[in-house]
Structures are given as C-alpha cells and as structure tokens.
> 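Below is a structure I'd like to ask you about.
Computed from a predicted model, the values in this text were never measured in an experiment.
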There are 2 protein chains.
Amino acid sequence: MLRITKQTDYGIVLLSHMAAEPERLFNAPELAEAAGLPLPTVSKILKMLARDGLLDSHRGAKGGYCLVSAPEEISVAEIIFSLEGPIAMTECIDDGPGECQQEGSCPLQANWQLINTAVRQALQGISLRQMAGPMGPQLVQLASRSAHSSLQP
Amino acid sequence: MLRITKQTDYGIVLLSHMAAEPERLFNAPELAEAAGLPLPTVSKILKMLARDGLLDSHRGAKGGYCLVSAPEEISVAEIIFSLEGPIAMTECIDDGPGECQQEGSCPLQANWQLINTAVRQALQGISLRQMAGPMGPQLVQLASRSAHSSLQP
DNA sequence: GTAAATAGAACCATATCGGTACTATTTTCT
DNA sequence: AGAAAATAGTACCGATATGGTTCTATTTAC
C-alpha cells in the first residue's frame with residue numbers, strides 16, 4: 001500500500017504537539033493523554049526518537065523529552081528515518097552488492113537510486129513546522145489540487 | 001522500512017525489460033525466463049498491470065502483453081499505484097472522514113496531504129524510460145549527490 | 001479440436017506490524 | 001536515605017499483510 005507505519009504516524013503527531021512549545025519539556029504520560037494514545041506505545045516511540053537524536057531526554061522525576069532542533073529544522077524524512085529505518089524504497093540498495101540474484105542481468109541497480117532519492121528529497125522538503133500547522137488552508141489547497149490527479153480516481 | 005513490495009519491484013523489472021522493445025508482444029513464460037523469476041509470480045504481476053491498463057493483453061496461443069504507452073509516458077507512480085494500490089502514506093486520508101478517533105483534536109489531517117502529495121509527485125517525475133536505462137551515470141551521479149546526505153550516514 | 005496463452009480466484013506459510021509487559025536505571029523530593 | 005516518578009532497554013505475542021503457489025475457466029492460433 002506504500003504507507004508509513006502507525007508508529008511513524010503517531011510519532012509525527014507527538015512531535016507536532018511538542019512543536020507548539022519547542023522549549024518545553026514534555027513527559028510521556030502527558031503526551032499520551034494529549035494525543036489520546038496508550039502510554040506504552042507513546043513511550044516506545046519517544047524512546048526511539050531520543051535514541052536517534054531527535055529528542056533530548058531527561059530521566060528521573062520531572063524528567064521528559066524536548067525537541068533538540070527547531071521545528072523548522074526537523075524534516076519529516078528524519079522522523080521517518082528514525083522510526084522505520086533507512087528510507088530505501090527498493091531492496092538491492094542497502095543489502096550491499098552481491099546479494100542480488102540478478103546481479104549481472106539487472107541493469108536497473110543504479111536506476112533504483114532515482115526512486116529512493118526522489119522520495120527522500122520529497123520528504124526532506126517537508127518540515128515538522130509545516131506539519132504542525134497552523135499553516136493556513138491556502139497551502140493545503142495548493143497541495144490537494146495536484147493530489148487528486150490521475151492517480152486518485 | 002518504507003519500501004515498495006517485491007511485487008512492485010518485480011513489476012518495474014519486467015516493464016523495464018519490455019521498454020527495450022516497446023512495440024513487441026511479450027508472453028509471461030518469456031518474461032519469467034528473462035527476469036529469472038518464477039512464472040506464477042510473473043503471471044500474477046502482468047495480470048495486475050493489464051487490469052489497470054498499463055499493459056495490453058492478447059489471449060490465446062501467440063498471446064502476450066505489450067506496453068500501452070511509450071516508456072516516456074509511463075511514470076513509476078502509475079506502476080506502484082497499479083501493484084500496491086493508492087499512494088497514500090498516511091491513514092486518515094483514504095478512510096474518509098469520521099474514521100479517525102482524534103478527529104477534533106488532530107490538527108494535522110490536512111497537513112498529511114503534504115506528505116502524500118510530495119511522494120506522489122516525486123514518483124510521477126520518474127518515467128519507465130528513465131528506469132529502463134541505458135541512461136548514463138551522469139544523471140545517477142546527480143541523484144546520489146544528495147542521496148548521501150544527512151539521512152544516509 | 002488441440003495446444004498455448006491469459007483471467008481470476010482461492011489458498012497457506014511466513015514475516016512484519018502493533019501493542020503490551022517487565023526489569024533496570026536515573027533523578028527529584030521529603 | 002528512601003520513596004516516587006520518570007526514562008532505557010528488552011522480550012514477547014496476537015493480528016495483519018506479504019510472497020508465492022495452485023486450480024479452474026476462457027480465449028485464440030494453427
């Protein structure tokens with residue numbers, strides 16, 4: 001179906017919430033409450049984001065998480081990269097050479113990079129700031145105009 | 001992991017092979033042989049591509065498949081759309097309104113479109129012709145320059 | 001009329017995803 | 001010092017989707 005996982009989905013929701021007050025420290029129970037999601041799930045996601053350096057974590061009582069960078073500086077690509085691993089749409093890339101059975105007969109190896117790169121760049125072009133809104137409906141309007149193109153019958 | 005399915009992967013391989021002789025009629029056993037893939041799998045994929053209008057099919061002996069459009073006119077987005085359904089990276093889009101629990105509290109609904117649209121457009125920008133090569137290394141070079149950015153440590 | 005091919009549906013083993021539970025560690029507060 | 005509150009890390013299991021095969025029906029060429 002070519003979709004991101006729910007974890008990533010939730011992660012973007014949580015980060016968007018935090019982006020409203022970029023300086024503040026949020027703890028997991030609070031974010032779970034705000035997002036209407038179960039605490040264990042939220043906790044798991046925040047751990048991953050902290051492990052990969054998108055969030056700073058403070059342990060102990062009065063602990064919590066806060067954004068490392070400004071929302072403008074965080075791209076959706078980084079979030080996805082953290083929560084579901086490398087953005088590689090095709091296989092023979094990150095398996096390294098020699099793994100692909102077709103090896104000799106597959107003239108596509110290099111061209112797969114085109115896809116991976118295109119998607120990666122597209123996602124790098126969207127910041128957490130944009131996702132967090134309140135970006136007016138005018139931009140969204142622009143977006144959905146082409147969203148309902150030939151691909152979305 | 002944000003990757004396309006193997007079926008789609010194989011589909012692009014098969015179509016790329018056909019793109020070398022856009023006028024010719026290829027049958028499934030022949031393509032399976034050429035790609036080094038099992039016939040049932042190849043057959044299944046070609047059926048889907050034909051069902052969605054990317055391939056013309058001719059039944060009976062001496063039957064087979066041929067490209068409907070020129071390789072330049074077919075985008076990777078169309079292929080993915082055919083083999084794994086709508087390109088919608090996030091959920092609350094194609095479920096229609098009312099399905100999302102967060103409904104009121106989720107200020108992101110519209111912004112998800114940004115992601116879907118960005119990815120869709122990126123994939124629409126790549127043609128089967130480009131995938132089929134022999135497009136020189138110069139373009140790939142250009143692509144991978146930004147591919148090995150912050151996301152690919 | 002027979003062989004060769006596509007059309008379509010059903011099926012199952014396996015891998016991945018979504019979510020939970022448990023233990024350990026760190027920090028604050030009294 | 002001790003209790004409470006929070007994160008860190010790991011392991012686990014049910015549900016879902018994927019990958020691939022098989023079977024039957026239909027169409028067409030010779």
> Using whole Å, report how far CG of B/Asp52 lies from P of C/dG8.
11 Å
> Just by distance, with hydrogens left out, do B/Glu72 and B/Ser127 show a side-chain donor and acceptor under 3.5 Å apart?
no
> Tell me: CZ of B/Phe26 to C1' of C/dT6, nearest whole Å?
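Those two atoms, CZ and C1', are 17 Å apart.
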> Tell me which pairs pass side-chain hydrogen bond (donor to acceptor under 3.5 Å, both in side chains) where either residue lies in residues 45-55 of chain A, with sequence neighbours left out.
A/Asp52-A/Ser82
> Under 3.5 Å, which N/O atoms of the protein pair with N/O atoms of nucleotides 10-16 of chain D?
none

> Grab the CD-P distance between A/Gln7 and C/dT16 for me, whole Å please.
15 Å
> For DNA chain C, find the residues of residues 55-68 of chain A with a heavy-atom distance under 4.0 Å and give them by number; none if there aren't any.
A/Arg59, A/Gly60, A/Ala61, A/Lys62
> Taking it one step at a time, do B/Val76 and B/Leu128 satisfy side chain to side chain contact (heavy atoms under 4.5 Å, CB included)?
CA-CA 6 Å; B/Val76 169; B/Leu128 177 59; over 6 Å; no
> Are A/Leu46 and A/Phe26 connected in a single hydrophobic cluster, I mean Ile/Leu/Val/Met/Phe/Trp/Tyr linked by side-chain heavy atoms less than 4.5 Å apart?
yes
> Which whole-number value in Å describes the distance from B/Glu84 CD to C/dT16 C1'?
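My rounded result for the distance is 15 Å.
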> Between A/Arg3 (CZ) and C/dC17 (C1'), how many Å, whole number?
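In whole Å, C/dC17 C1' and A/Arg3 CZ are 13 Å from each other.
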> How long is the straight-line distance from CG of B/Leu49 back to NZ of B/Lys44, given to the nearest 0.5 Å?
12.5 Å
> In terms of the nearest nucleotide of DNA chain D, which residue is placed more toward the 5' end: A/Leu2 or A/Asn27?
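Between the two, 5'-proximity favours A/Asn27.
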> Under 4.0 Å between a side-chain N or O of A/Tyr10 and OP1 or OP2 of C/dG18?
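False: A/Tyr10 side-chain N/O out of range (4.0 Å or more) of C/dG18 OP1/OP2.
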> State the CG-CD1 distance between A/Asp9 and A/Ile79, to the nearest 0.5 angstrom.
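Between A/Asp9 CG and A/Ile79 CD1, I get 11.0 Å after rounding to 0.5 Å.
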> Rounded off to whole Å, could you give me the CE-to-P distance for the B/Met48 and D/dT18 pair?
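For the pair B/Met48 CE and D/dT18 P, the rounded distance is 11 Å.
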> Counting only side-chain N and O atoms of B/Thr5, is one of them less than 4.0 Å from OP1 or OP2 of D/dA17?
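Indeed not, no polar side-chain atom of B/Thr5 lies that close.
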> Given C/dG18, is OP1 or OP2 found less than 4.0 Å from the side-chain N or O atoms of A/Thr41?
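Checking C/dG18 against A/Thr41, no side-chain N or O comes under 4.0 Å of OP1 or OP2.
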> Roughly, in whole Å, what's the span from CG in B/Leu39 to C1' in D/dT21?
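Distance check: B/Leu39 CG to D/dT21 C1' gives 11 Å.
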> To the nearest angstrom, how far is A/Lys6 atom NZ from C/dT16 atom P?
19 Å
> Side chains of B/Ser75 and B/Gln124 only: does a donor on one sit below 3.5 Å from an acceptor on the other?
no
> Would you give the length of the straight line joining atom CG of A/Leu67 to atom CD of A/Glu23, rounded to the nearest 0.5 angstrom?
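Atom-to-atom, A/Leu67:CG and A/Glu23:CD are 9.0 Å apart.
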> Rounded to the nearest 0.5 Å, how far does CD of B/Gln7 lie from CD1 of B/Ile12?
12.5 Å
